[in-house]
Every structure is written in C-alpha cells, then in structure tokens.
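In what follows, a structure is listed as structure tokens, so that the remarks can point back to it.
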Amino acid sequence: QVQLVESGGGLVQAGGSLRLSCAASGRTVSSSAMGWFRQAPGKEREFVTGISWLGGRTYYADSVKGRFTISRDNAKNTVYLQMNSLKPEDTAVYYCAAKTGAGPWNVPREYDYWGPGTQVTVSS
C-alpha cells in the first residue's frame, strides 16, 4: 500500500509561483511513474504532468508547458511540481498519483494511488 500526501498549495497572485510536494510513504514509489492532476469546480479531473520512475521522461499538458516543471527525488520518496507564471485558470485542487502500469499518462484510471489533494488558488 502507498500513501501520498500533497503540500505547498495556497493563494497566489497571477504571475506568481508555487512549489507543490508529494510525499510518499508505505511501499516505496521509487519504481512507480508519478503524475499530477488537477480538478477545478464543476470540471473533470485533468492531467497536468507526469514523470517516469527514473525521471528520464516527463510529459506535460499543453496548458502548462513552459510554466510548470515536474521532478522527483527517489531518495526522499518525493515528487515536486514547480509552477511559475501562474494564471487564474490554474486554480484547482491538485492531486499527485502513482502509476505502476504502462497505460496512458493522461488517464486518471491508469493511476493506482492518489493523494487527498491540495488547493491552489490564483487571484487576478
């Protein structure tokens, strides 16, 4: 079993930055691919970014390319999401998730474990 806990969310002005962390406990996730998703009120959960278990491959939604960066520190069992140039439309609850299979990165049902989420609010 794996437990994931996100932190680092909060309120920030447009153009600002936040760094989210996802700490894993229980069975190690160092061999799992990891992803970040977000869900705004009234909208479906959407893929933001993903990283392979060694960190050699990363994937980004078009809406965040060039602004967000995913990274991981397997020694600390932690995944990070650096978010720069934030926009009001980035406002959502952000979730980290672990994926052990080889399915598509951007499909929520492909992920086996989820954190409870952290709120990110970007004011205009």
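Hydrogens, waters and symmetry mates play no part in the numbers below; they use all other heavy atoms, side chains included.
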Quiz item: Going from OG on Ser124 to CD on Glu89, what distance comes out if it is rounded to the nearest 0.5 angstrom?
Solution: 10.0 Å

Self-check item: Contact summary for Leu4 and Pro116, nearest pair of heavy atoms
Solution: O-CD, 3.2 Å

Quiz item: With a 4.5 Å limit on heavy-atom distance, are the side chains of Arg38 and Asp90 in contact?
Solution: yes

Quiz item: Applying the 4.5 Å side-chain criterion to the ILVMFWY set and letting contacts propagate, would Trp114 and Val2 be lumped into a single cluster?
Solution: no

Self-check item: Parallel, tilted or perpendicular, as decided by the 30° and 60° cut-offs, for the rings of Phe37 and Phe47
Solution: perpendicular

Quiz item: With sequence neighbours left out, what residues match Tyr95 under ring pair (Phe, Tyr, Trp, His ring centres under 6.0 Å)?
Solution: none

Quiz item: Are any non-hydrogen side-chain atoms of Leu20 and Glu6 less than 4.5 angstrom apart?
Solution: no

Quiz prompt | Lys/Arg-Asp/Glu bridge criterion (N-O < 4.0 Å) met for Lys65, Asp62 | solution = yes

Self-check item: Taking every non-hydrogen atom, the tightest pair across Thr100 and Ser32
Solution: CG2-OG, 3.7 Å

Self-check item: Test side chain to side chain contact (heavy atoms under 4.5 Å, CB included) applied to Arg72 and Leu54, Val79, Thr58, Thr78, the passing residue
Solution: Val79

Practice problem: Using the test salt bridge (Lys or Arg N to Asp or Glu O under 4.0 Å), find all partners of Arg19 that sit at least two apart in sequence or belong to another chain. | Solution: none

Quiz prompt | Spatial distance of atom CG (Asn77) from atom SG (Cys22) [nearest 0.5 Å] | solution = 9.5 Å

Quiz item: Do Lys99 and Trp105 touch side chain to side chain, with heavy atoms closer than 4.5 Å?
Solution: yes

Quiz item: How long is the gap from CZ on Phe68 to OG on Ser85, to the nearest 0.5 Å?
Solution: 9.0 Å

Exercise. Please examine the side chains of Met83 and Trp36, heavy atoms only from C-beta on, and report whether any two atoms are closer than 4.5 Å.
Key: no

Quiz item: Hey, what do you get for OG1 (Thr69) to OH (Tyr80), rounding to the nearest 0.5 Å?
Solution: 14.5 Å

Quiz prompt | Taking every non-hydrogen atom, the tightest pair across Ala97 and Tyr111 | solution = CB-CD2, 3.4 Å

Practice problem: Looking only at non-hydrogen atoms, find the nearest pair between Gly16 and Val12 and report the distance. | Solution: CA-CG2, 3.9 Å

Practice problem: Using atom types as modelled and distance alone, determine if a side-chain donor or acceptor of Thr49 lies under 3.5 Å from a backbone N or O of Tyr59. | Solution: yes

Quiz prompt | From CG (Asn74) to CE (Met34), nearest 0.5 Å | solution = 9.5 Å

Quiz item: CZ of Arg67 to CD of Gln82: how many Å apart, nearest 0.5 Å?
Solution: 12.0 Å

Practice problem: Search all heavy atoms of Gly117 against all heavy atoms of Val93 and return the closest pair with its distance. | Solution: CA-CG1, 3.8 Å

Quiz item: Which atom names give the shortest non-hydrogen contact between Leu86 and Leu18, and what distance separates them?
Solution: CD1-N, 3.8 Å

